[in-house]
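Everything on this sheet refers to the single structure shown next.
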Amino acid sequence: MAYDIKGTIKRIGATEQKSEKFSKRTLILDIEDGKYSQVCEFQATGERCALLEQFAVGDQVSVAWNLRGREWSGKDGVVKVFNSCDIWKIERIGASAS
């Protein structure tokens, strides 16, 4: 599933090396939604972590992302569902707010 969203960068996390082959970096967007804005987290993984190097807090961006979901079963038998919004493309669409 592919989606596009526009918003203002609120935070960019540092790259986290989760394993030898997996790294991730978070991007927090402030998204205008009528009367109330929405604050949403997206993630870049692997080599896409480098995509965020050229952006800064306050930049207005357009993010193309995929919705991903997976189940995880704990030792106690409880099944949880985890979702992530994975970035595959990001572009600056306006001037930086800073």
Side-chain angles (χ1 to χ4, degrees):
M1 290 185 243
Y3 301 95
D4 292 300
I5 194 82
K6 293 178 179 150
T8 303
I9 296 176
K10 189 171 180 124
R11 283 192 306 276
I12 300 174
T15 300
E16 301 174 44
Q17 194 69 40
K18 297 294 189 176
S19 71
E20 184 180 316
K21 295 182 179 182
F22 182 74
S23 58
K24 80 172 199 172
R25 191 169 186 189
T26 58
L27 173 73
I28 309 298
L29 283 186
D30 193 6
I31 301 163
E32 292 296 322
D33 185 25
K35 187 175 179 181
Y36 302 101
S37 64
Q38 302 296 315
V39 177
C40 298
E41 180 178 277
F42 297 83
Q43 71 178 20
T45 58
E47 60 190 36
R48 288 193 175 106
C49 291
L51 290 174
L52 301 180
E53 292 297 326
Q54 61 185 313
F55 297 98
V57 171
D59 286 348
Q60 294 176 349
V61 294
S62 175
V63 176
W65 57 283
N66 294 321
L67 179 61
R68 298 286 182 228
R70 62 206 164 279
E71 287 186 334
W72 175 82
S73 298
K75 293 178 184 177
D76 57 3
V78 175
V79 177
K80 294 184 180 184
V81 175
F82 293 92
N83 298 318
S84 60
C85 302
D86 290 357
I87 298 168
W88 60 271
K89 182 179 175 185
I90 182 170
E91 297 176 314
R92 187 173 287 108
I93 57 171
S96 172
S98 55

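Hydrogens, waters and symmetry mates play no part in the numbers below; they use all other heavy atoms, side chains included. Computed from a prediction, not measured in an experiment: that's the story for all the values here.
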Does V81 sit in a hydrophobic cluster with other residues, and if so which ones, taking ILVMFWY side chains as linked at heavy-atom separations under 4.5 Å, directly or through other members? none
Can you sort out the partners of A64 under side-chain contact (heavy atoms from CB on, under 4.5 Å), two or more places apart, ordered by chain and number? D4, W88, K89
Report yes if the side chains of I5 and L29 come closer than 4.5 Å at any heavy-atom pair, otherwise no. yes
Closest approach of T45 and K24, non-hydrogen atoms and distance? CG2-CB, 4.1 Å
I need the L52 CG to I9 CD1 distance, nearest 0.5 Å. 7.0 Å
In chain order, what residues pass the salt bridge (Lys or Arg N to Asp or Glu O under 4.0 Å) check against K6, with sequence neighbours excluded? none
Show every salt bridge (charged side-chain N to carboxylate O under 4.0 Å, His left out) that has at least one partner inside residues 61-82, sequence neighbours left out. none
Nearest heavy-atom neighbours spanning N83 and G69: OD1-CA, 3.8 Å
Grab the two heavy atoms, one from A44 and one from I87, that are nearest each other, plus how far apart they are. N-CD1, 4.3 Å
Can you list the residues that meet the side-chain hydrogen bond (donor to acceptor under 3.5 Å, both in side chains) rule with S37, with sequence neighbours excluded? D30
Between T8 and Q60, what is the shortest heavy-atom contact and its length? OG1-CG, 3.8 Å
Closest approach of A2 to N66 (non-hydrogen atoms, all atoms of both residues): CA-OD1, 3.4 Å
If the condition is side-chain hydrogen bond (donor to acceptor under 3.5 Å, both in side chains), which residues does D86 pass it with, not counting sequence neighbours? Q43, S84
State, yes or no, whether a side-chain contact exists between L27 and I90 at a heavy-atom distance under 4.5 Å. yes
Across all chains, not counting sequence neighbours, the side-chain hydrogen bond (donor to acceptor under 3.5 Å, both in side chains) partners of K18 are E16
Other hydrophobic cluster members with I28, side-chain heavy atoms of Ile/Leu/Val/Met/Phe/Trp/Tyr under 4.5 Å, chained? V39
Can you pull the salt bridge (charged side-chain N to carboxylate O under 4.0 Å, His left out) pairs that have at least one residue in residues 32-57, sequence neighbours excluded? R25-E53
Enumerate the ring pair (Phe, Tyr, Trp, His ring centres under 6.0 Å) contacts for residues 28-68, please, sequence neighbours excluded, ordered by first and then second residue. Y3-W65, F42-W65
Those residues at least two apart in sequence (or on a different chain) that pass ring pair (Phe, Tyr, Trp, His ring centres under 6.0 Å) with F82 are none
